[in-house]
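Everything on this sheet refers to the single structure shown next.
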Amino acid sequence: MCGIMGYIGGQEPTKIILDGLAKHEYRGYDSAGIAVINHGKIEEIRTVGRVKNLAERVAEAGLRGEFGIGHTRWATHGGVTENNAHPHVSNDNRVVVVHNGIIENAREIRDELEDKGVCFHSETDTESAVQYLGYVYDGNPKEAIVKLTGRIRGAFALVIMFADKKEIWVCRKGSPLVVGHAGNAGFCASDATALLEFTHDVWFMDDDEMARITPAGCEFFDFAGRPHAKETMHLDWNAAMTNRGSYPHFMLKEIHEQPDVMTHTLLGRVASGKIDLSSELPWTAEDVKKFRKIHFVACGTSHYATMTAAQIWETFGSFENRCEVASEYRYRNIPADESTLCIFVSQSGETADTLHAARLAKSKGAECLVITNVRGSTIHREVGNALITPAGPEIGVAATKTFTAQITVLVLLGMYIAKLKGELLPETETRLASALMDIPAKLAEILKQEHDIEHIAREFADARGFFFLGRTLSYPPALEGALKLKEISYMHAEAYPAGEMKHGPIALLDKELPVVALIPKNDMWEKTISNIEESMARKSPVIAIAAEGDQAILQYTRSVIYTPVTEPELYPFLQVIPLQLFAYYVARQRGCDIDMPRNLAKSVTVE
Ligand code: AGP
């Protein structure tokens, strides 16, 4: 949720920290702050709003130091005020802290310290940590942090400086944190992308682990203070991937990256009409026969990717699938055991609910697999078995290219399992494999219609809300289309299986509530047309996402976005880009902050 950046080395730290915070801004953007150590004194500046406001304040004040830490906040405890912004400094000005996560027993610690005469100045949970450190610190940072980590409960990535020490300390439980070292400089960040311009070899902090970062190197300890060795992980992303280039928004750039992303995702996994994941997955035919049930578990867009794939799987294999949102899965008593394959999908690999659901499934003995875009992310490290979506860093808060990469990997996975089980007909494998290889070019064709889609989006940008309708395979993409619109344009949008409308939601339809109908050329075409007619009879304008060559749809609406033709099972791959572009241009017409929509953060690392 929040973003953290820390630097210690030979250079003046403020610019490095501010640049790092700007790269983290998609994680939280309601307030920001920076603290440096300057000749043994803590100096800090905090401000409400964006990192650029902070940069202006830093420039005005001429803030300079030897090393420092910074934070961009997504408020959980305490409103959006300068006082609640991080860093927080202990009353004795000896300790300064930035924090991502939630300290669950903050109230208890605060009461205890207040009883001892310690004053508090903010409404945040974080202040309990820094005042506690100030209270127990006697010149030995490691001992103070051991005491702190033994005292606080909840989720935390904490970065700490002690005014009298030339070092940065970090500790982690439940919230992401990555550490790097290059030359005579040490770094820490919430996201590895912020470190790419300095190093590609990083240490992802594990739970119950702390580190001391100095210009000379990094040392790692457990929460009892015992040192241990730790392997670096090499990142194959490059710094240029985190730039917006000439696009006005990351979201638009990422939408346009989808043909390439899909090509990369297929690379090495499909060749000569055959699917092969054997170099990535350890399973034999015997192993997969054990998987009697398949649980897909994810949140948000990743959840809709699983719903999309689960339906595609049904077309070629006999799977007992269920798709669950992680925040429910983790609290329900859903039977999972050694005969269950649990597939966790998470772009970031840091979503707290998905991570906890994976821990639960593991504890029940289920076979677990993760599909993630971030190699080395917490869920990847904990689950082990993984398929990586090589989409590159996704910065826009609204997920786009990772959805396409996820459904690609998921469909390949289903085909591979069905093949190992002996269920995938060779002709189905060849037909779908070759159709999948053709999809990137078709995505590029759809992108050429961007201006037509923009035109339709502008026309409807003042609607009261939207319904997104689709049947069978088109229903999950409808859900994703509605989510995109809600997230970035703040318009109410609901997705329904089109046949369900008459069981209630149809009551809402009128001329101010347009319907976006997903109507590919498949065996549900006629039934979907009936649903379109039902909507039109209530005067709802209809925008159709139809397949090329479908002239008949023009009898019902002139607002048609055509996708190329593909195999019936694969239309979801083509339906999503028009919906992403539609949401993007509606939001743009409405003047919304597309890459950083209100109230949202890119990865939800708290419950
Ligand atoms: C998508 O546009 C959203 N930002 C959100 O729903 C996201 O997909 C969800 O939070 C899951 O994130 P993850 O894939 O990183 O786990």
Side-chain angles (χ1 to χ4, degrees), residues 1 3 25-29 74 174-176 190-193 249-252 254-255 258 296-309 323-330 343-359 369-380 382-383 386-389 391-407 409-410 468 476-477 479-490 493 495 576-577 579-584 587 592-607:
M1 313 291 285
E25 210 169 11
Y26 69 111
R27 298 179 63 92
Y29 31 85
W74 187 87
S175 297
S190 299
D191 264 357
T193 47
H249 297 98
F250 277 106
M251 183 180 176
L252 192 61
E254 288 158 3
I255 290 172
Q258 289 175 99
F296 292 99
V297 187
C299 303
T301 290
S302 299
H303 172 57
Y304 296 146
T306 67
M307 288 179 70
T308 305
C323 297
E324 299 288 342
V325 288
S327 53
E328 292 288 305
Y329 189 87
R330 62 183 285 201
I343 300 169
F344 300 91
V345 181
S346 174
Q347 179 283 127
S348 60
E350 301 294 348
T351 300
D353 284 320
T354 312
L355 186 59
H356 281 94
R359 287 177 185 154
L369 169 72
V370 63
I371 294 175
T372 181
N373 197 41
V374 183
R375 196 183 291 281
S377 55
T378 307
I379 200 164
H380 182 192
E382 288 201 15
V383 169
L387 291 171
I388 301 294
T389 54
E394 188 175 66
I395 312 285
V397 166
T400 51
K401 61 177 177 174
T402 51
F403 178 85
T404 293
Q406 287 168 346
I407 60 174
V409 167
L410 283 162
F468 285 70
L479 285 162
E480 175 58 8
L483 178 65
K484 288 291 88 87
L485 194 69
K486 283 184 268 208
E487 280 187 294
I488 60 168
S489 76
Y490 319 139
V576 164
I577 289 189
L579 300 180
Q580 294 167 348
L581 284 171
F582 180 75
Y584 174 81
C592 301
D593 192 343
I594 291 175
D595 280 337
M596 291 178 214
R598 72 183 181 206
N599 304 340
L600 298 180
K602 180 70 179 165
S603 52
V604 184
T605 53
V606 293
E607 190 176 345

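Along the sequence shown, residues carry numbers from 1. For ligands, and for the atoms within them, numbers begin at 1 and follow the listed sequence.
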Report task. Could you check atom 10 (O) of ligand 1 against the protein and tell me its nearest heavy-atom contact, residue, atom and distance included? Result -> Val604 CG2, 4.1 Å
Query raised in the report: Arg598: what forms a salt bridge (charged side-chain N to carboxylate O under 4.0 Å, His left out) with it, not counting sequence neighbours?
Result: none
Query - N or O contact, Thr354 vs ligand 1, cut-off under 3.5 Å - result: no
Requested in this report: Pick one of side chain, backbone, both or neither for how Glu487 approaches ligand 1, counting any non-hydrogen atom pair under 4.0 Å.
Outcome: side chain
Query raised in the report: Counting from 1, what ligand 1 atoms have a heavy atom of Thr301 closer than 4.0 Å?
Result: 1 (C), 2 (O), 6 (O), 8 (O)
**Report entry** Steps toward side-chain contact (heavy atoms from CB on, under 4.5 Å) verdict (Leu581, Leu252)
**Finding:** CA-CA 8 Å; Leu581 284 171; Leu252 192 61; 3.8 Å; yes
Query - With Gln580, the side-chain hydrogen bond (donor to acceptor under 3.5 Å, both in side chains) member among Glu254, Gln258, Lys401 - result: Gln258
Query raised in the report: Is it true that a side-chain atom of Glu382 and a backbone atom of Leu355 form a donor plus acceptor pair closer than 3.5 Å?
Result: no
Query - Atoms of ligand 1 close to Ala398 [distance to a heavy atom under 4.0 angstrom, numbered from 1] - result: 2 (O)
Query raised in the report: Which residue and non-hydrogen atom of the protein lie closest to atom 6 (O) of ligand 1, and at what distance in Å?
Result: Gly300 CA, 3.2 Å
Report summary line: ligand 1 to Cys299, heavy atom cutoff 4.0 Å, flagged ligand atoms 8 (O), 9 (C), 11 (C)
Requested in this report: Just jot down the ligand 1 atoms closer than 4.0 angstrom to any heavy atom of Lys484, in number order.
Outcome: 1 (C), 2 (O)
Query raised in the report: Which heavy-atom pair separates Phe468 from Ala493 by the least distance, and what is that distance?
Result: CE1-CB, 3.9 Å
Query - Whether Thr389 side chain and Ala391 backbone form a donor-acceptor pair below 3.5 Å - result: no
Query raised in the report: How close does the nearest protein non-hydrogen atom get to atom 12 (O) of ligand 1, and which residue and atom is it?
Result: Thr351 OG1, 3.5 Å
Requested in this report: Measure the shortest side-chain to side-chain distance between Ile371 and Ile343 over non-hydrogen atoms and say whether it is less than 4.5 angstrom.
Outcome: yes
Query raised in the report: Near Ala399, which atoms of ligand 1 are under 4.0 Å from a heavy atom of that residue?
Result: 1 (C), 2 (O)
Report summary line: Nearest non-hydrogen protein atom to atom 15 (O) of ligand 1, with distance, is Ser348 OG, 2.7 Å
Report task. Check Val325, Ile379, Thr378 against Thr354 for a side-chain contact (heavy atoms from CB on, under 4.5 Å) and give me the one that passes. Result -> Ile379
Query - Under 4.0 Å to a heavy atom of Ser346 - the qualifying atoms of ligand 1, by number - result: 13 (P), 14 (O), 15 (O), 16 (O)
**Report entry** For the student: nearest non-hydrogen atoms of Glu350 and Ser346, plus distance
**Finding:** N-OG, 3.9 Å
Requested in this report: Can you sort out which atoms of ligand 1 are near Ser302, meaning under 4.0 Å from one of its heavy atoms?
Outcome: 8 (O), 13 (P), 14 (O)
Query raised in the report: So which of Val397, Leu355, Ile371 gets nearest to atom 4 (N) of ligand 1, if we judge by its closest heavy atom?
Result: Val397
**Report entry** Numbered atoms and elements of ligand 1 in range of Gln347, under 4.0 angstrom, heavy atoms
**Finding:** 13 (P), 14 (O), 15 (O), 16 (O)
Report summary line: With sequence neighbours left out, the residues meeting salt bridge (charged side-chain N to carboxylate O under 4.0 Å, His left out) with Glu480 are Lys484
